[in-house]
Amino acid sequence: MRRILGLALAAATLAGISALGAVGAVGAAAASSPNMTRDECTAAGGQVTARPYAGYVCALPDGTTQSIT
């Protein structure tokens with residue numbers, strides 16, 4: 001009985017880890033979203049700023065930045 005319980009617990013743990021990995025991959029994909037345009041930046045309440053040798057970025061109100069195309 002212990003062996004069956006142990007196997008069930010191990011399977012559940014592995015399933016949880018793989019589910020967390022999938023969630024992490026989705027979160028990473030969402031965090032690395034495509035570049036936005038200047039119009040999209042200002043529509044979202046952001047401010048377009050220039051970075052030396054790095055082009056333009058959009059500084060959004062939540063503190064994040066995205067590249068401008």
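At a threshold of 4.5 Å between non-hydrogen side-chain atoms, the residues Thr69 and Met36 do not count as touching. Taking 4.5 Å as the limit, some side-chain heavy atom of Thr65 sits within range of a side-chain heavy atom of Arg51.
When every heavy atom of Asn35 is checked against every heavy atom of Ser67, the shortest pair comes out as OD1-CB, 3.3 Å. The two atoms that bring Gly46 and Cys58 nearest to each other are CA-SG, 4.0 Å, heavy atoms only. Gly45 approaches Pro61 most closely through the heavy-atom pair O-CG, 3.4 Å. Of all non-hydrogen atoms in Thr37 and Ile68, the two that sit nearest each other are O-CD1, 4.0 Å.
With hydrogens and angles left out, the side-chain atoms of Asp62 and Thr64 include a donor and acceptor closer than 3.5 Å.
Other residues, nucleotides and ligands contribute over 12 non-hydrogen atoms within 6.0 Å of the CD atom of Glu40.
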